[in-house]
Visitor: 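Once you've had a glance at the structure underneath, I'll fire off some questions.
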Number of protein chains: 4
Amino acid sequence: MKKRGLSVEKTAETRQKIILAALDSFIELGFANSKVAAIASAAGLGKGTIYSYFDTKDALFEGVIDYLIEETLDPIQSVDLPDNQTVADFIVEKMVASVSNIESSGRAHMARLILSEGNQFPHLTDLYRQKIYTPWNQEIQKLLQIAIDRQELPSSIDTAATALLINAPIWMVMVHNGVLVRDEPMDLMVLFVENVRLIFKC
Amino acid sequence: MKKRGLSVEKTAETRQKIILAALDSFIELGFANSKVAAIASAAGLGKGTIYSYFDTKDALFEGVIDYLIEETLDPIQSVDLPDNQTVADFIVEKMVASVSNIESSGRAHMARLILSEGNQFPHLTDLYRQKIYTPWNQEIQKLLQIAIDRQELPSSIDTAATALLINAPIWMVMVHNGVLVRDEPMDLMVLFVENVRLIFKC
Amino acid sequence: MKKRGLSVEKTAETRQKIILAALDSFIELGFANSKVAAIASAAGLGKGTIYSYFDTKDALFEGVIDYLIEETLDPIQSVDLPDNQTVADFIVEKMVASVSNIESSGRAHMARLILSEGNQFPHLTDLYRQKIYTPWNQEIQKLLQIAIDRQELPSSIDTAATALLINAPIWMVMVHNGVLVRDEPMDLMVLFVENVRLIFKC
Amino acid sequence: MKKRGLSVEKTAETRQKIILAALDSFIELGFANSKVAAIASAAGLGKGTIYSYFDTKDALFEGVIDYLIEETLDPIQSVDLPDNQTVADFIVEKMVASVSNIESSGRAHMARLILSEGNQFPHLTDLYRQKIYTPWNQEIQKLLQIAIDRQELPSSIDTAATALLINAPIWMVMVHNGVLVRDEPMDLMVLFVENVRLIFKC
DNA sequence: TATGAATGAGTATTCATTCAT
DNA sequence: GATGAATGAATACTCATTCAT
């Protein structure tokens, strides 16, 4: 069989094309208003082909979210914290990369899709929470605990609540820039860093 | 016309029934998955009656959002700030009432509907921004400016960004409690107050 | 009871208003596209009132046609033929009045309603045939027989066919002016008289 | 694409099936009373298939009329008139074929559909006038002018009016046989020929 | 008697999904 | 594997008709 390898690549490539076309459509039109036929057409494929790769339209949406989760998975790791760096600096440093490309990487789109369609896809909300949201919050909580241990933060703080406070500007800006005030976007980086400085009083 | 008075009451009551049934359905199922027939049935009315009050399903959704906006309109007013109260205390005090009933008053539902359906209803997003979001942010910015004038805050802060920081925990908690982690709700009040204290360093 | 008489008049007047409003609507929009509510509104009445006078929308249409048939009933009578007038002259003279106001009297509208809606209202087509179409043709046939007897026409003619030939320009013009070429109406009188002259070779 | 040929044939056949089933329904029930589902069923197809071929029920009706116009287009041509044949004979000869199959060819149905539904489909009335009615009348007028030139007719006649007179029996019979007196049909051929003889006095 | 709010049967239309080619 | 013609369940919406006032 001369090009079995190629065929596998081809398949992966076709799958990719479908997912990207579907993602565009879901972002622009939402799940309910996206038509399988239009996605197929945008992917340069026939309708039937979509169904060779995904059993149902729901499965296609799950495939898109799965893809985004895998693609954008890049968790902050508390174990990477060097001894000679403050927790605040570490968080800021680590988040610069992550936060600066939150829109271009598709992570903002993913989050907004979870916000808008999550109610109807509890399974995906669960997945997002398990793979992205909760791990991130837990790593932040670990870092906060380390900060308390190092006396960079008072022991009186509630780590769960403070983790949410660190997270809050990210969601605020995703809502602000992506839904409510698209023509005057706020700079997430500025907000995020300022917020960390306030929390760590530094 | 003798029974005109009754008739007006009756129609207002029917309209109310429709809106409340529709609201429940939109919150639970989203717009696309809500069926007009089911809403009518839940309201104890015939399908046709819905269409006597709203031309289309879209118009019904707009009616629901309009209703929520009118119902929940209760803006913070910077002019109410007493001389003998700090801006931080004023914000906290004013927001206690507002924030404590954010779920029960329907304001959280409204916000989440805007998040989930707003893309497909730009007109409603505009309305929400004009009536709720922007006025709130602007009043907060005025208060921040007063705080700067009173030297409760350094003049170096960016009032637009800081207003968003004050807002951020509210959206964070609406997302956290309403979408992602429904079984372990975070106490918005705690988060909000703590955040104000951090910002005002008090 | 002071104004029972008035009440009867009022009732007849209301009925008249309904029929005229309905007629306008049926002519302009056809039966299927005419809405009872719109007819009521055009008549300055409530929807329910229509149903006090006509059981159903179909009955309303029948009422309109009945009204037109009664209103416009003005048959040519062969017994009116004077001895000292040719049949051709008699037909022409009698039809001048009838044909000249065929549009303004509503007879053309009635005929076109029968054409356009008759298939769905066989009862009305029957009525029209019995009250208008067949009597007219039969009187014309009687006149043609008299003309044969008087040797104004050869005995070889087929009176049924010739009656239709006399009728033909009327329908031709109703179709031409009313449906196909509204902006360049043909003068029915000219056509009708010329046609009679051709048939009677005079 | 290998099966493209087959596919094209198949779709043409399906389109034909739809049009014929729709035509039957429109003739029997009229446009408003024809149900898309019933037409689909009569065509041995699913409802959705109709909508793959015609965007709306209105478009389906237009498709049917278009089809009839194309199918039945067979105009009399004045240029075909031989020198050694009278105009009257030419008209009679040419119309024998055309008129004798006016019912079986669908032309009568088409004309009656225009009569009954034309008011609601001005576009189709226009099309019918442009493609069928006006060309026919114009060719007849040309022939009448030739007849005048050849002195087969006096120059005093009005060609436009006389063309309508020639046409009149056709419409008269379509109305008579198709709407009013279906059980005693008149022989169109007899009427048409007799009428031409009267007009040409031959 | 007149009204118009309420009703729900009836219909056009959409679109995810199937499957023969 | 890829295709797109065919399908029909599902749904928004209409409007003749009823009936309480």
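The structure displayed is predicted, hence computed values, not measured ones. Values below: all heavy atoms of this structure, side chains included; hydrogens, waters and symmetry mates excluded.
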Visitor: Check whether any side-chain N or O of Ser52(B) sits under 4.0 Å from OP1 or OP2 of dG4(E), and answer yes or no.
Guide: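 Looking at the OP1 and OP2 atoms of dG4(E), neither is under 4.0 Å from any side-chain N or O of Ser52(B).
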Visitor: Once you measure the plane-to-plane angle for Phe121(C) and Phe61(C), does it fall in the parallel (<30°), tilted (30-60°) or perpendicular (>60°) bin?
Guide: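 The arrangement is tilted - the two ring planes meet at 30° to 60°.
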Visitor: Whole-Å distance between dA12(F) P and Phe54(B) CZ?
Guide: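 Taking CZ of Phe54(B) and P of dA12(F), I get 16 Å after rounding.
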Visitor: In which stems does DNA chain E show up, taking only runs of three or more Watson-Crick or G-U wobble pairs whose two distances fall under 3.5 Å?
Guide: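 If one scans DNA chain E for consecutive Watson-Crick or G-U pairs, the stems found are E:2-21 with F:2-21.
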Visitor: What's the CG-P distance between Asp58(C) and dC15(F), to the nearest Å?
Guide: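 Distance check: Asp58(C) CG to dC15(F) P gives 16 Å.
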Visitor: Starting at atom CZ of Phe31(A), determine the distance to atom C1' of dA16(E), rounded to an integer number of angstrom.
Guide: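 Whole-Å distance recorded here is 10 Å.
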Visitor: To the side chain of Lys35(A), which of dA16(E), dA12(F), dA12(E) is closest?
Guide: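 Nearest to the side-chain atoms of Lys35(A), counting from C-beta on, is dA16(E).
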Visitor: For dG4(F), take OP1 and OP2 only and decide whether either is under 4.0 Å from a side-chain N or O of Lys47(A).
Guide: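 For dG4(F), OP1/OP2 do not have a side-chain N/O of Lys47(A) under 4.0 Å.
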Visitor: Within less than 4.0 Å of OP1 or OP2 of dG1(F), is there a side-chain N or O belonging to Thr11(A)?
Guide: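 So the side chain of Thr11(A) is outside the cut-off, no N or O lying under 4.0 Å from OP1 or OP2 of dG1(F).
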Visitor: Which heavy-atom pair separates Ile18(C) from Thr49(C) by the least distance, and what is that distance?
Guide: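 Looks like CD1-O, 4.3 Å.
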Visitor: When you measure from the side chain of Ser25(B) to the backbone N and O of Ser34(B), does any donor-acceptor pair fall under 3.5 Å?
Guide: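 Looks like no, no N/O pair under 3.5 Å.
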Visitor: So what does Tyr53(A) touch, heavy atoms closer than 4.0 Å: a base, only the sugar-phosphate, or nothing?
Guide: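 Sugar-phosphate, no base atom in range.
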Visitor: What does Leu45(D) touch in the nucleic acid at a heavy-atom separation under 4.0 angstrom: a base, only the sugar-phosphate, or nothing?
Guide: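 Sugar-phosphate contact only.
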Visitor: Give a yes/no answer on whether the side chain of Tyr51(B) brings an N or O atom under 4.0 Å of OP1 or OP2 in dC15(F).
Guide: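 No, outside the criterion.
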Visitor: Report which part of the nucleic acid Ser41(D) touches: base, sugar-phosphate, or nothing (heavy-atom distance under 4.0 Å, all strands).
Guide: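 Touches nothing.
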